[in-house]
2 protein chains.
Amino acid sequence: METTITLRERKKEATRQALHEATLRLALERGFDTVTVDAIADEANVSRRTFSNYFLNKEDALLYGDRARIDGLLERLRARPADEPPWQALTRSAAAQFAQRREPDPNWLGQLRLLRRHPSLLAQQAAIQAAFEHELANEIAARDPHPDPMRARVMAAVFLATIRTVTAHWTEQKTPSPLSEAIQTGLSHAASPFT
Amino acid sequence: METTITLRERKKEATRQALHEATLRLALERGFDTVTVDAIADEANVSRRTFSNYFLNKEDALLYGDRARIDGLLERLRARPADEPPWQALTRSAAAQFAQRREPDPNWLGQLRLLRRHPSLLAQQAAIQAAFEHELANEIAARDPHPDPMRARVMAAVFLATIRTVTAHWTEQKTPSPLSEAIQTGLSHAASPFT
DNA sequence: GGGCAAACTTGCCTCATGGGCAACTTTGCG
DNA sequence: CGCAAAGTTGCCCATGAGGCAAGTTTGCCC
């Protein structure tokens, strides 16, 4: 599943990754909005036109990692026992996803720092998550003995919003505590009655 | 509070409203992405340059109503007794905000229909709400006897995500039941343990 | 190994857009 | 009534998205 078989596909993935990294690197160097797509394409040694073949815009390219991370989360979720209650499956998947690296990827931290300052990135991130919300909601409904579509969607939305919020908050505080802990705390807040 | 005193301010508001409505009208007629800013400005009898003075882009103009609605929500929240527990204050504010009209504004319904089909609108909406999240979180923290900043933010995010999700869901189902009910149900889902 | 088709990249072009600037018009107020 | 502030507009430019067609690379079958 990991190994993309054909050379063509491996190259494609490499290009995509290169563009993503070029975007991040330049954005951190010069500030996100002063970076042009031309510059990014240059940095990745492809034409500007090729950039457009891979990403819709700078935001999209920068947040490519987010897409991957969320995909990972979804995979973990699907791998969990089918009879596990939805919220527990979500929590455990999140735990697995965020616990993996002892110290977080510096690239990712850089991305988060940018995210905080640029509303256009926030918007794009939300759009990415919204696209996932449906799949997430389906997965949730599949585990619910009395599936209520709206409840499933709300749960999916709450889950994603919590992760996004906690991550943002964690980034702003230079908290020494690991992110995975913060996520668990946040999720438990979201899961317990707000009263 | 309602009456803007000066002529200047009334005119400004009228222009803004005209641009918003022109955007909605044209988007419903021709489809959101085939409408140009030029056409909108024309329809509202101002120059394209003036459009830019009021809104960042088409999405922003279309979602002007959302901004207003959210502002209303915040006002209602602030008007509530200071010692009311946060989640209850939120729920009641939402109830007041959504119960007001017996049958929803057809313009708003049109807007919601567009929202569903256009990710760029979803993104913009999320950005608007994100900008709001801080104020909401502050209001929440102010009501919490043991304020935990992260918890307040999570609560704000959960609240907004729930409203957004329920509204979207309600729009997709032609449910005969009123939106305000759906919102209350959704909020109660979000507030009760997901277990 | 050769060769063909599909996939990918690139350059070129066009149209839309955001926003700076400066001239002009409208409104507020002393 | 007249000036200053606020708002509008036209002009301009840098950037961007994406269609199209020519050129290049890769996959695959003979």
Roughly how many Å is it from [atom1] in [X] to [atom2] in [N], rounded to a whole number?
X      : N       : atom1 : atom2 : answer
N53(B) : dC21(C) : CG    : P     : 14 Å
F51(B) : dA16(C) : CZ    : C1'   : 12 Å
L56(B) : dA16(C) : CG    : C1'   : 16 Å
E9(B)  : dG28(C) : CD    : P     : 9 Å
R10(A) : dC8(C)  : CZ    : C1'   : 16 Å

Going by heavy atoms closer than 4.0 Å, what residues in residues 23-48 of chain B are next to DNA chain D?
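Heavy-atom contacts with DNA chain D come from V46(B), S47(B), R48(B).
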What residues in residues 117-132 of chain A put a non-hydrogen atom under 4.0 Å from any atom of DNA chain D?
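Here the set is empty: none.
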Can you tell me how far the CD atom of Q124(B) sits from the CG atom of L62(B), to the nearest 0.5 Å?
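One gets 10.0 Å once the value is rounded to the nearest 0.5 Å.
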Rounded to the nearest 0.5 Å, what's the gap from NE2 on H20(A) to CD on E13(A)? Could you check?
10.5 Å
Taking atom CZ of R116(A) as the centre, report whether more than 12 heavy atoms of other residues, nucleotides or ligands fall under 6.0 Å from it.
yes
Nearest heavy-atom neighbours spanning [X] and [Y]:
X       : Y       : result
A130(A) : L122(B) : CB-CD1, 3.9 Å
L19(A)  : I40(A)  : O-CG2, 3.9 Å
L160(A) : Q129(A) : CD1-O, 3.5 Å

Please determine whether a side-chain nitrogen of the Lys or Arg among K58(B) and D33(B) lies less than 4.0 Å from a carboxylate oxygen of the Asp or Glu.
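The answer is no: the pair does not qualify as a salt bridge.
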Taking only the side-chain nitrogens and oxygens of K12(A), find out if one of them lies under 4.0 Å from OP1 or OP2 of dA7(C).
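For dA7(C), OP1/OP2 do not have a side-chain N/O of K12(A) under 4.0 Å.
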Would you indicate, yes or no, if dC8(C) has its OP1 or OP2 atom less than 4.0 angstrom from a side-chain nitrogen or oxygen of Y54(A)?
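Result: no.
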Could you tell me from which nucleotide to which nucleotide of DNA chain D, 5' to 3', there is an atom under 4.0 Å from chain B heavy atoms?
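First and last nucleotides in contact are dA5(D) to dC12(D).
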Does the base of dG18(C) carry an N or O that pairs as donor and acceptor with the side chain of R49(B) under 3.5 Å?
no
For Q111(A), the option from T171(A), D66(A), T23(A) that meets side-chain hydrogen bond (donor to acceptor under 3.5 Å, both in side chains)
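Running side-chain hydrogen bond (donor to acceptor under 3.5 Å, both in side chains) over T171(A), D66(A), T23(A) with Q111(A) returns exactly one hit, D66(A).
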Residue mapping more 5' on DNA chain C - nearest nucleotide basis, E59(B) or K11(B):
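With K11(B) and E59(B) compared, the 5'-side residue is E59(B).
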Report yes or no: do V154(A) and L187(A) belong to one cluster of Ile/Leu/Val/Met/Phe/Trp/Tyr joined by side chain heavy-atom distances under 4.5 Å?
yes
